[in-house]
Each structure stands twice: as structure tokens, then as C-alpha cells.
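Lettering follows sequence order; numbering is per chain, from 1.
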Protein chains: 2
Amino acid sequence: MIQLDDIDWQIIAALQDDARMGYRELGRQVSLTAPAVTSRVRRLEEAGVILGYSARIDPAAVGYGIEGFIHIASGGRRQSYAIAAQAEAEPRVLEDHRVAGQSDHIIRVVAESLSALEPFVDALNDDGRPVTSLVFSSPKRWSPIPRPQAL
Amino acid sequence: MIQLDDIDWQIIAALQDDARMGYRELGRQVSLTAPAVTSRVRRLEEAGVILGYSARIDPAAVGYGIEGFIHIASGGRRQSYAIAAQAEAEPRVLEDHRVAGQSDHIIRVVAESLSALEPFVDALNDDGRPVTSLVFSSPKRWSPIPRPQAL
DNA sequence: TCTGAAAGGTGATAACC
DNA sequence: GGTTATCACCTTTCAGA
């Protein structure tokens, strides 16, 4: 695992806050010149610390009336793979996590409407017991990953 | 709700894929000049379609051994607010959603270790019944929000 | 709402410490 | 690992359609 110093964390914080920031401005914020921050950012990208840069889109603002989480306790390994395959194939699935706990998969979805979500949940029923939670509101919609405390 | 045309969706797709792309390159991809895409992007930002731009960070790569979801069925309105307040105050909480379904809140957390997570879950116990799911792996870690099908 | 041109700012690289 | 210097390219602004 790559070792990250104070400046790396300032860079990580700044780019989580505004991924479009230029290298010069980024350098200003961490008291380094542009070429120096550029090479640090490259290093963070190559180490897999920075996975990519994305615009955050508001699902509701682009026509998704429904946001939700689907939990599934699958019947076994074969079913778990089948669920992952369905999650992979459905673009309305934004995330699919295999978890330990009451469910095997936690799937994050958006949908145009409840009826648009229905066929997907029905399909999941072949491989487990889907339990759907629909988002009313998000008191914390997104937050940057903070610097960890010492282990 | 703002009306989005084909070009807007090409822009949304491109910026979800790479938020650091320059306006000139973005213009190339959507067959527009740089000033034209710039003004469209501004419009998307001002309409709240684009909420911001973020570097995606791998929690495991920066020292978070634990990623998880905590579901809580709270006792009532007072408790639900108390949970939201705790989620807001804890930086390891990346998201807090109020949902309809078996739980009232779905909280996404990272933690340095299981023992680092424990006090937070304990604190939630004052306001509801937390059920924790720990992420083994993420077959779909992140996916861009696609263009909705016609409603 | 888009294009094209001008000016200043930025990103990438090289040479050096 | 860092800085300074250089140049090509990009962003921004504005006039015009």
C-alpha cells in the first residue's frame, strides 16, 4: 500500500471537492509548483488511489423519480453470480456490492418510476429474496473520503 | 425540470467518465466548439443537473479496511433526526439516506477497522436498531447515471 | 444558440538542483 | 522529489450571425 503524506491528502481532499481544478491552482493550495503536483497526481492515479474523476449528477434532475437500494439474500453461489450478472447488465444499477450480513448483495438503483423498477426486481426474484428500500431524501448525499485516523 | 437534448446527454456521459476533460476535447466529442460546450456545461451546473466534480478514491487504497452499510429502523421522528445528526457529524459516514422500507436510514460508512466502526454503531443503538452489512467486494463499484428511457 | 478570432492562462516537458 | 523556463495549446471573452 502506497504511503501518503500530508500533501497527498491535501491533493486528495482538493480533487474530491473539485476534480476540474487546474494543476496551477491545485499547486497553490498545497504550496507546490504545477509540475510537482502533476507528478504527485499521476502517482496517486497509478497507485489506484484515484480511480477516476466524475461529474456528480442529480438523478432527480435528469428524470429519475426513484432512487433505491435493493438487498438480496441469494440461495447460494450460483444465484449470487446470477445476481451480479443481472446487476452488471442493467444500466439503472449504479452499484452492486457483495456483503456479509443479512443480505448477500446490496444494489443501488435509479429508475424513471416505480413501474420501471418492477421488472428488474421481478427478475431478481429468480435468484433470491429482494427487499427494496426507496429513498425519501438524503440528509448526507455525498461526502469526501476523509483522512483515516491512525490505526 | 430542465429539458436535456442529445448533446446535453453526450456531455453528461463524457463528464461522468472523465470530469477533468478540457472544453476543447469535450467539444470535439459532441461536435461543438469550446465556447458552445462551455455555456452548456454552465447551464447544467446552474440547473443542478451537475452537482459537482469529484475524484473517486479507493477506500481500501488509503487505509480503510472496512466498507459497509448500516440500516437502522429508528423508534420515531425524534430518533430519526438524532441518527441524521450523528451521520452528519461522523466523517466516516459517506452517505445517509432516509428510506421507505424495512429500515428508516441507510448509511454508508468506511472505517479503518472493525473496532474503529464499533463506537459509531454503538452510538446509533441509542436511537434505533442498527444492522450492519460489510462489503466483501463490489462487482459494480460505480456506474454512470444513464440517459432515462422515455417515461 | 452557435461560430471565429484575440489575449492571457495553462499543461507538458526538459534541464537542473 | 523539487524548481524554473519554454512553448504549444487551451480557456475565456466578445463581436457577429
B/D104 and B/S80: side chain donor to acceptor below 3.5 Å: no

Roughly, in whole Å, what's the span from [atom1] in [X] to [atom2] in [N]?
X: A/R43; N: D/dG1; atom1: CZ; atom2: P; value: 7 Å
X: B/D8; N: C/dC2; atom1: CG; atom2: C1'; value: 14 Å
X: B/L26; N: D/dT11; atom1: CG; atom2: P; value: 9 Å
X: A/L32; N: D/dG1; atom1: CG; atom2: P; value: 12 Å

side-chain N/O A/T33 vs D/dG2 OP1/OP2, d < 4.0 Å: no

Parallel, tilted or perpendicular: rings of A/H97 and B/F69 (30°, 60°): tilted

Nucleotide nearest B/R40 when distance is taken to its side chain, options D/dG2, C/dT3, C/dT1: C/dT1

Result of checking A/Q86, A/Q79, A/R78, A/H105 against A/D127 for side-chain hydrogen bond (donor to acceptor under 3.5 Å, both in side chains): A/Q86

Crowding at CD, A/E25 (>12 non-hydrogen neighbours, <6.0 Å): yes

Footprint string (nucleotides 11-17 of chain C, 5' to 3'): B base within contact, S backbone only, - free, heavy atoms under 4.0 Å: BSB----

Heavy-atom closest pair, residues A/A19 and A/Y53: CB-CD2, 3.8 Å

Shortest non-hydrogen separation from B/V109 to B/I107 and the atoms involved: CG1-CG2, 3.8 Å

